[in-house]
Amino acid sequence: MKNEDVMNIAKKRGFLWSSFEIYSGVAGFFDYGPLGAILKNKIMNKWREFYLVGEGYYEIESPTIMPQEALKASGHVDHFNDPMTECKECLEVFRADHIIKEAIESEVEGLENQELTNILSNQQIRCPRCGGHLTHVWSYNLMFQTLIGAKGKKTGYMRPETAQGIFITFKRLLRFYRGKLPFGVVQLGKAYRNEISPRQGVIRLREFTQAEAEIFVDPGEKSHPRFKEIENHVLTLYPADIQEKEEKPLRLTAQEAVKGGVVSSEILTYQLCLADKFMGELGIPRDVIRFRQHLKTEMAHYAIDCWDVEIHTDRYGWIEVIGIADRADFDLKSHSEYSKEDLRVFLEYDQPTIVEKLVLKPDMKKFGPLFKGDAPRIMNVLKKTDPETIRNAFEKENSYNIEIEGENYQLTPDLLSFEEAEETVRGEKIYPHVIEPSYGIDRITYSVLLHCFQQDDDRNILHLPTDIAPVGVNVFPLVNKDDLILASEHIRDDLRAEGIIAELDTSGTIGRRYARSDEIGTPFAVTIDHQTLEDKTVTIRERDSQKQVRLPVVKIPSTINQLLMKKIEFSKLEARS
RNA sequence: GCGGCUGUAGUCUAGUCUGGUUAGGACUUGGGCCUUCCAAGCCUACGACCCGGGUUCAAAUCCCGGCAGCCGCACCA
């Protein structure tokens, strides 16, 4: 459907409102209204059904404010920081590093703003559009910065993604999973990016909700135990080379995608299928979903393979709603280096292997007195050096020099001896690779509204799947007579007691009530009429078919519940009655 | 961040150019009448000049600034 119609209805009926409206609003922020909040929660809960229940991944919740160090390690402090410059003449804004790179053809990544400013003036680089002078370089950081504590000495940022909370707590998680790969951890929550000029409604938000899973796997074992279950699942794949050739996307089964090397691994393909099934259960039609592989140029340097799940929209074209990446060992390695914590996993071999090894034996009686205070430092370096190198040096030059912080130390054969030793190696420590499906919940919610909405003549219908529709059932007295209203109230209360969100509407005529009910996507309506008072039966009306079935009042709550949970079909009820 | 266009009830809109009485209409919504199945009809009520400043006896209307939206540019690890 059309963006405009959907957004109008979303606004009118309480799904989505732009935030801070009475203060004229702030771009990039949206409120979920009463129905929107339920819908979003139901989508998130369905996600949990897939990943927590289905896959057995546990959920964690970490803070939305993160200290600078953590984001330094993740690369966000440096890479999320764009150096900008403005032309004083035509007022055009540019990325300073891009301009310089083009002008002098050398890499300037990682330079300070002052250095970039100096290069701009020294090299007399001018505005590429009008030749005007450029201003000093300033940083535009896409992270929201804040200060932690009363004295505000510690810099913090609103997290730009939920994933980092999982990587940072990896050691604890590994222990929780008793040290064995593979395992998955998920987090659902808010993330923040201070976009320069967000202008695409709920598609580009400054505060948005992510649902991310981090699946830690053995780098040598990227299969999936349940791949068999999905091997015939057909996906619409749009690989990088096909994009470059400007050809049409491929329709392949999961098995074909793996065998043909289209997707880099079984587990990644499994994740694509899972995402496809998820979108299907949200009522997104097949033909508006495709899986687009990142081009080499757009893929982060550490990623092995990355696929975006894209949904087609009339307004914004194909939009990314899910990113599924093989991030390799980048994050854990980086956090290991910055935090000095060992974030590796011990992988035990099937069979222990015995290796012949040269072992270095320093003669501490001579070593200590000779180097005195420096001895521990030298020992430290020696431990990291391959004994073979040292022995070779001794054979050639009868000495081996090491340099530590400018100081030079000479080691001679009398200080060290070598020994051949047998060592049993039971395994090795490795950084697991990370498979990351990352869902943009707001974009998905928007896509669901967009593609479930339908206009037939004058009738607006939101064809939401029954299990994510905000209101489960509406209860209507056919006409506003006291005894019918009273009976309706009882039925509504019975439905609520069953755990169903049920509403009573007595306003306007019956047709108007059905219309309102359809427009917010309520799958069923129960109508109370004169016959109800005589034989204790009511009708259930199905939103999509507009058909009605008459059932005894006592059966209503359980029947509606089963219909909503998709345990029975409405057409089966029809057949029975 | 830049430029152009725009901003009147929940929605669509008249009025703005050319300043002047109580800002008009339609739909929606609330209440009522009627009504025994899909936005019918009748009565009735609620509801708006984006915000701030300036000019003027007087500003929805003219001017300046801000905010927001749309379009184009730029940005989008």
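Chain identifiers are assigned alphabetically (A, B, ...) following the order of the sequence lines, protein sequences preceding nucleic acid strands; residue numbering begins at 1 within each chain.
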Counting only side-chain N and O atoms of R512(A), is one of them less than 4.0 Å from OP1 or OP2 of C38(B)?
-> no
Identity of whatever pairs with C46(B) - Watson-Crick or G-U, under 3.5 angstrom | none
What interatomic distance, in whole Å, is found between P of U6(B) and the corresponding atom of U16(B)?
-> 15 Å
Which base, if any, makes a Watson-Crick or G-U wobble pair with G65(B), both distances under 3.5 Å?
-> C51(B)
Base of C37(B) paired with side chain of Q548(A) (donor-acceptor, under 3.5 Å) | yes
Of the candidates U35(B), C38(B), G69(B), the side chain of V479(A) sits closest to U35(B)
Does R13(A) get its side chain close enough to the base of G10(B), under 3.5 Å, for a donor-acceptor pair?
-> no
Establish, from distance only, whether the side-chain atoms of E341(A) and S336(A) form a donor-acceptor pair under 3.5 Å.
-> no
Can you tell me, in whole Å, how much space there is between the P of G66(B) and that of C73(B)?
-> 24 Å
Ring centre gap for F216(A) and F170(A) strictly below 6.0 Å = yes
Mate of G19(B) where both pairing distances stay under 3.5 Å, Watson-Crick or G-U | none
Could you measure between the two P atoms, the one in C27(B) and the one in C34(B), and give it in whole Å?
-> 23 Å
Which nucleotide in C37(B), C67(B), G69(B) has an atom nearest any side-chain atom of A27(A) = G69(B)
Name the nucleic acid region contacted by D518(A), choosing base, sugar-phosphate or nothing; use a 4.0 angstrom heavy-atom cut-off, strictly under.
-> nothing
Could you give the distance separating G32(B) and G69(B) at their P atoms, to the nearest angstrom?
-> 40 Å
Would you kindly say whether R443(A) and Q200(A) are connected by a side-chain donor-acceptor distance under 3.5 Å?
-> no
Where the side chain of S507(A) is concerned, which of G31(B), A39(B), C37(B) is the nearest nucleotide?
-> G31(B)
In whole Å, what is the span from the CZ atom of R206(A) to the P atom of C75(B)?
-> 17 Å
No-hydrogen, no-angle side-chain donor-acceptor test under 3.5 Å, E246(A) and Q243(A) = no
Taking the C1' atom of each, how far is A48(B) from U22(B), in whole Å?
-> 15 Å
Send over the distance from D505(A) CG to G31(B) C1', rounded to a whole Å.
-> 14 Å
For C34(B), which nucleotide is its Watson-Crick or G-U wobble mate, given both distances must be under 3.5 Å?
-> none
Atom-pair distance (CD1 on I528(A); P on U35(B)), nearest Å = 20 Å
Which part of the nucleic acid, if any, lies within contact of R315(A), taking any heavy atom under 4.0 Å across all strands shown: a base, the sugar-phosphate backbone alone, or nothing?
-> sugar-phosphate
Nearest-Å distance, CG (L35(A)) to P (G10(B))?
-> 19 Å
Is there a donor and acceptor pair, one atom on the side chain of Y23(A) and one on the base of C51(B), closer than 3.5 Å?
-> no
Ignoring hydrogens and angles, answer whether the base of C38(B) and the side-chain atoms of R513(A) contain a donor-acceptor pair closer than 3.5 Å.
-> no
Nearest-Å distance once atom P is located in both G19(B) and A59(B) = 13 Å
K481(A) near the nucleic acid: base, sugar-phosphate alone, or nothing, with a heavy-atom cut-off under 4.0 Å?
-> nothing
Contact summary for S507(A) and R516(A), nearest pair of heavy atoms = O-NH2, 2.8 Å
In whole angstroms, the gap separating P of G10(B) from CG of L16(A) amounts to 18 Å
Does V26(A) or R199(A) map to a spot on RNA chain B nearer the 5' end, using the closest nucleotide for each?
-> V26(A)
Are T509(A) and U35(B) close enough that a side-chain N or O sits under 4.0 Å from OP1 or OP2?
-> no
Is the closest basic N to carboxylate O distance between D308(A) and R292(A) below 4.0 Å?
-> yes
Look at all strands and tell whether E519(A) reaches a base, only sugar-phosphate, or nothing, counting heavy atoms closer than 4.0 Å.
-> base
Name the closest nucleotide to the R550(A) side chain, picking from C37(B), A39(B), C38(B).
-> C37(B)
Rounded C1' spacing from U61(B) to U55(B) in Å | 13 Å
Inspect the contact between R492(A) and E503(A) and indicate whether a charged nitrogen and a carboxylate oxygen are less than 4.0 angstrom apart.
-> no
Find the distance L478(A):CG to U36(B):C1' and express it as a whole number of Å.
-> 5 Å
Whole angstrom value for the distance that separates P of C75(B) from CD of Q200(A) | 14 Å
Confirm from the modelled atom types if D529(A) and C37(B) form a donor-acceptor pair under 3.5 Å, side chain to base only.
-> yes
Rounded off to whole Å, could you give me the CD1-to-P distance for the I22(A) and A9(B) pair?
-> 16 Å
Taking the six-membered ring of Y514(A) as reference, does the NZ or CZ atom of R541(A) fall below 6.0 Å from its centre and within a 45° cone about the axis?
-> yes
Base-pairing mate for A40(B) - Watson-Crick or G-U, with both contacts under 3.5 Å = none
Base paired to C73(B) (Watson-Crick or G-U; both N/O distances under 3.5 angstrom) = G1(B)
What distance, rounded to whole Å, do you find between the two C1' atoms, one in G31(B) and one in C71(B)?
-> 44 Å
